[in-house]
Protein chains: 2
Amino acid sequence: MTARSSSIHVGLNAVILAVTEDRPRVLTRTHEPSGLPALPFGPLDPLEDRTLELGLRGWVREQTGLELGYVEQLYTFGDSDRDPFTTANGRVISVAYLALVKEHALTTGPAQWRDVYSFLPWEDRREGPSPLLDEEILPALRHWEKAEPGRKERVQVAFGLGRSRWDAERVLERYELLWEAGLAAAQEMALDHRRMLATALGRVRGKVRYRPVVFELMPKAFTLLQIQRVVESLAGVGLHKQNFRRLLEKGGLVEGTGESFAETGGRPAELFRFRRSVVAERPASGVPYPSRG
Amino acid sequence: MTARSSSIHVGLNAVILAVTEDRPRVLTRTHEPSGLPALPFGPLDPLEDRTLELGLRGWVREQTGLELGYVEQLYTFGDSDRDPFTTANGRVISVAYLALVKEHALTTGPAQWRDVYSFLPWEDRREGPSPLLDEEILPALRHWEKAEPGRKERVQVAFGLGRSRWDAERVLERYELLWEAGLAAAQEMALDHRRMLATALGRVRGKVRYRPVVFELMPKAFTLLQIQRVVESLAGVGLHKQNFRRLLEKGGLVEGTGESFAETGGRPAELFRFRRSVVAERPASGVPYPSRG
DNA sequence: TCCTGTTATGCTCACATAGAGTATAACTGA
DNA sequence: TCAGTTATACTCTATGTGAGCATAACAGGA
C-alpha cells in the first residue's frame, strides 16, 4: 500500500470570492500548459503545515499577498481523469477550500479577479432567466433529453421547469448536467476548476442563508440596500426589498450606527453594522431570501 | 514539490450508519496498534480506482461484504497530529465518506456494529438531556469557562443553555469544545475517528431535514411511527407525533400501500412506501422536525 | 418654489405553516 | 367488557412569508 500511494500527490486549491460592483468575482491565475484561467493552487508541505487550512493560508499569502479571513473546506477532488497533464506521472488529489474576502481586496503578483458569471452565465437570473439559457441551452437540452428516459426529469429539476422551481443552490447539479450533455465547452477553465467553482457558488448560496457569512464580504458599515445587492449578486436572483429589510432587522443581525449615507440620489440611507453578538445568541442566523417571484 | 509530497499518504475512511432497534449504529473494526474501535479504512489505488468513491465502495465490499447504497463525501482530515503512529513515516491524509445502509445489513469479516451514542452519549436527548451532561460535563465546563473570556458564550451556544436552544446539528462543535476542555477522554475511538463520527452525525441530522435520505435506512414498507423512530434516533430528540405525520403526508414524501401492520398491540397502522417521484418534483424535500419542547 | 424622479422606510393584509393539544377509532389481552 | 395501547383526524393559535401600498427625505430642473 505505501509503495503504491507514493504515486499520489496532494494539493490544495482555493476558490477565493469577493463581490465588486454587484458581481461576484473569483481570483484566478493562468494555467501554464493550457493557457486557461485556473484557480490558485499550492502544495501541502507535509513537514511544515500543521493543518491543511494553515497550509492553504500560507501559500495564498505568498502567491497573492492576501490574508484570508473566512475559510472553509469545500470538497476533495480525486477523479483519475481530472488532470490529464499529470495523470501519466501519478494521481493528483486536490482539497478545495472556499474563502471570502472583502471587495477591493488588494492582491500582488499575477493573480486576476474575474466575474464568476462569465464562467457560469446561466446562474445569473437577476434580470430574469439568462438569454443564453432560453436561446441555446434549453433547446439543445431538449434534444439530449430524448436519448434516455429520466433525463427530462433531471433537466426539469435542475433548471426549475415544469412544476419545479429554480433552486439557486443547485449550481453543481446544473453544471454536471450540462457537462454530460456536452454543453459546457465554452467559458472554459483549466482542469476541473469550473466544477470547483460551481461547487463553491452552490455552497456560498446555501451558507449565506443560515450563517452570517455575507458580512465577510462587506465593509464595516453599509446600507441595507448594499447588503441586499451583495446577497442578490451571490444568489443570482432579485429579492423583495421591504421584506429583506424587515427580516434582516428582526433577525437582529444588524444594528444602525446613527450615521447616514447620501450618495444614491434619493433619500439618504442609514448605515448599519453587523452585530457580532448574534452569532452567540442565535444558533442558525443567516440572511433571508424573500423571493420576488 | 513532488519530491516532498512523496511522503504524503492518502486513505479513505467510511462512516457507515444504520438504525437498529431505535439506535443509530456505526460499523467499526479494531485498530491494531491501540486496540480501540476504529472506522473502516482502506487505501486509494491510484491506478485502479477511477474515483475516490468507487475506490471506497470497492474495499468496503471486500472488507465487509456490504454493497453500499447512499454515499457522500464528508470531509478530508489532514492535521499533522491526527495519526501519531505514522507521523514519523510521513503524513496521512484521510478522505472520509458517509454511507447509509438498511438495518440488519449483513456483514462479513471482523467488522462490528456499535451504538453511535456510546461514543457521543450527550447527543441522545430523547429522554431529556443526558444525565452525564448535567452531572459531569456541565459542572466541569463551568470551571473551564472561567479561564478565558468568550468560552462561556461558546458553551451556551453549543449546548443550548441560556437564551440558546439545543441545535441537534452542532455535533462537531460540541465534540471539539469537549476535546479542548479535556473532557473527551472516555468512550474513545482510535486516532481522530471520533471526530469523523461527530462530523457524520451532524451531517445526517442536517441532511435528513432537506433531502429524503431517511428512506435509505428504512425497509420498503414501513409505518409512520417506524419512520418517526428512525428520525428521532438520528436527531437524538423526540418529535411531535401528530404533526410529524401531518407534515410527512402533506409533503407527499410517502403514500399508503393499503396494507396494514398489526404487531404493536394497539390499533393497526397503515403501511407506507416512499414516493420516489417527489425527488423530481420538489427541490428540497426532507423529513420534518416538529419539535416537542 | 414646485414638480419629478429616486431611494428609504413604515405599515397592512392575506395566506401558509408550525407547535400544541383534544377527540375519536381500532386493535390486544385480562 | 374494560383497561391499555397505538393510530388517526381535527382544532386553535401564534408566527412567518409574500406582496403591495403609502409616506418620507433627498437631488435637480422647470
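Scope of the values below: all heavy atoms of this structure, side chains included, with no hydrogens, waters or symmetry mates. This is a predicted model, so every value here is computed, not measured. The chains referred to below are lettered A, B, ... by the order of the sequence lines, with proteins before strands, and numbering in each begins at 1.
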**Fill in**
Nearest heavy-atom approach of A:Leu98 to A:Arg203 is CD2-CG, 4.1 Å

**Whole angstrom value for the distance that separates P of D:dT8 from CZ of B:Phe261** = 12 Å

**Message:** Can a side-chain donor-acceptor contact be found between B:Thr28 and B:Arg114 if the only test is distance below 3.5 angstrom?
**Reply:** yes

**Message:** Any donor-acceptor pair under 3.5 Å linking the side-chain atoms of B:Glu72 with those of B:Tyr70?
**Reply:** yes

Which one, [options], comes nearest to the side chain of [X]?
X	options	result
A:Lys250	C:dT17, D:dG16, C:dT9	D:dG16
A:Leu247	D:dA7, C:dT7, D:dT17	D:dT17
A:Lys241	D:dA19, C:dA8, C:dA26	C:dA8
B:Arg246	D:dC12, D:dA7, D:dG18	D:dC12
A:Arg245	D:dA19, D:dT8, C:dA8	C:dA8

**Fill in**
Nearest-nucleotide check on DNA chain C, A:Gln242 vs B:Arg267; residue mapping nearer the 5' end is A:Gln242

**Prompt:** Roughly how far, to the nearest 0.5 Å, is OG of A:Ser233 from CG of A:Leu17?
**Reply:** 11.5 Å

**Prompt:** Base, sugar-phosphate alone, or nothing: which one does A:Leu224 contact when heavy atoms must sit under 4.0 Å apart?
**Reply:** nothing

